[in-house]
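Right, one structure below, let's go through it.
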Amino acid sequence: MIDYIRGELVELTPALAVIETAGVGYALNISLNTYSAVQGKKEVKLYVHEQLVTGGRDDSFTFYGFASKQERELYRMLITVSGVGANTARMILSATTPKDLCNVIASGDEKMLKSVKGIGLRTAQRIIVDLKDKIVASGIADEFHATAGSDSGVHVNNEVKNEAVSALSMLGFSPAPSAKVVTDILKAQPDLPVEQVVKLALKMIK
């Protein structure tokens with residue numbers, strides 16, 4: 001079992017990080033929170049969750065990477081909830097910060113959870129019922145440190161748009177509607193960095 005991978009960050013998109021260590025490049029699916037945490041760094045350490053996919057001709061492993069143990073723990077809690085798969089859990093963690101998500105669950109905020117694409121009322125309620133006590137008992141919310149993002153130095157261009165649309169496509173959304181929403185966001189807020197564009201798009205795509 002792989003607990004973490006430390007090495008050179010050789011490729012990074014809002015949904016995927018490739019870390020090279022000992023001559024091997026590991027591709028890890030990431031959330032927007034982890035993307036923000038490692039952006040601009042050459043050497044990184046990501047905590048790993050391994051998912052084994054069985055069936056078909058071959059079994060395969062998918063790696064998910066997290067900038068902190070706390071985010072990984074929250075991800076693992078989410079995927080224990082019936083109706084919340086690996087991609088949905090990553091989408092939830094991309095729509096809000098882990099710390100805010102803990103507060104959302106602890107306070108029973110169904111409305112916020114329902115704003116995430118693919119989360120209906122029943123699933124939102126199930127997340128709250130299943131995880132509220134676990135979140136409070138674990139004290140995980142207290143371990144998160146608030147971090148303030150910065151938009152400085154971010155230039156709006158096609159690269160921002162393309163990265164945002166690519167990230168949304170990897171999360172399962174069709175490119176055409178994604179591109180329209182991303183374009184609308186950038187027209188209204190041209191200085192947003194790509195991770196913020198994707199966060200807003202996750203709430204707007206129909």
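This is a predicted model, so every value here is computed, not measured.
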Exercise for review: Give the cluster check for Ile79 versus Tyr64: same hydrophobic cluster or not, with ILVMFWY residues linked at side-chain heavy-atom distances below 4.5 Å.
Suggested key: yes
Review point. Who pairs with Ser31 by side-chain hydrogen bond (donor to acceptor under 3.5 Å, both in side chains), at least two apart in sequence or on another chain?
Key: Glu71
Study note, to complete from the structure: Across all chains, not counting sequence neighbours, the side-chain hydrogen bond (donor to acceptor under 3.5 Å, both in side chains) partners of Lys114 are none
Exercise for review: Kindly give the heavy-atom pair with the smallest separation between Pro14 and Glu163, and that separation in Å.
Suggested key: CD-OE1, 3.6 Å
**Study point:** Candidates Asp109, Ile135, Ile127, Thr96 - the one meeting side-chain contact (heavy atoms from CB on, under 4.5 Å) with Leu101
**Key:** Thr96
**Study point:** Pairwise distance CG(Leu121) to CD(Glu110) - rounded to 0.5 angstrom
**Key:** 5.5 Å
Review point. Any chain of hydrophobic side-chain contacts (each under 4.5 Å) joining Val18 to Val48?
Key: no
Exercise for review: Report the residues that fulfil ring-ring contact (aromatic ring centres under 6.0 Å, His included) with Phe66, sequence neighbours left out, ordered by chain and then residue number.
Suggested key: Tyr75
Check your understanding: Is any NZ, NE, NH1 or NH2 atom of the basic residue among Asp3 and Lys69 found under 4.0 Å from an Asp or Glu carboxylate oxygen of the other?
Key -> no
**Study point:** side-chain hydrogen bond (donor to acceptor under 3.5 Å, both in side chains) between Ser36 and Asn33, worked out
**Key:** CA-CA 5 Å; Ser36 298; Asn33 291 291; 6.0 Å; no
Check your understanding: Counting N and O atoms only, with roles assigned by atom type, does the side chain of Ser107 sit under 3.5 Å from a partner on the main chain of Asn103, one being a donor and the other an acceptor?
Key -> yes
Check your understanding: Once you round to the nearest 0.5 Å, how far does NZ of Lys180 lie from CD1 of Ile185?
Key -> 10.5 Å
Point to revise | Fellow cluster residues of Met1, listed by chain then number, with links counted only when side-chain atoms sit under 4.5 Å apart | key: none
Check your understanding: Between the side chain of Glu50 and the main-chain N/O of Ile2, is any donor-acceptor distance below 3.5 Å?
Key -> yes
Review point. Got more than 12 heavy atoms from elsewhere within 6.0 Å of CZ, Arg76?
Key: yes
Check your understanding: Checking Thr123 side chain against Gly83 main chain: does a donor-acceptor pair fall under 3.5 Å?
Key -> no
Exercise for review: Tell me who clusters with Tyr4, hydrophobic residues only, linked when side chains sit under 4.5 Å apart either directly or through other members.
Suggested key: Tyr47
Point to revise | With Asn87 via side-chain hydrogen bond (donor to acceptor under 3.5 Å, both in side chains) - residues at least two apart | key: Arg90
Exercise for review: Answer with yes or no whether the hydrophobic clustering places Val165 together with Leu16; edges join I, L, V, M, F, W, Y residues whose side-chain heavy atoms lie under 4.5 Å apart.
Suggested key: no
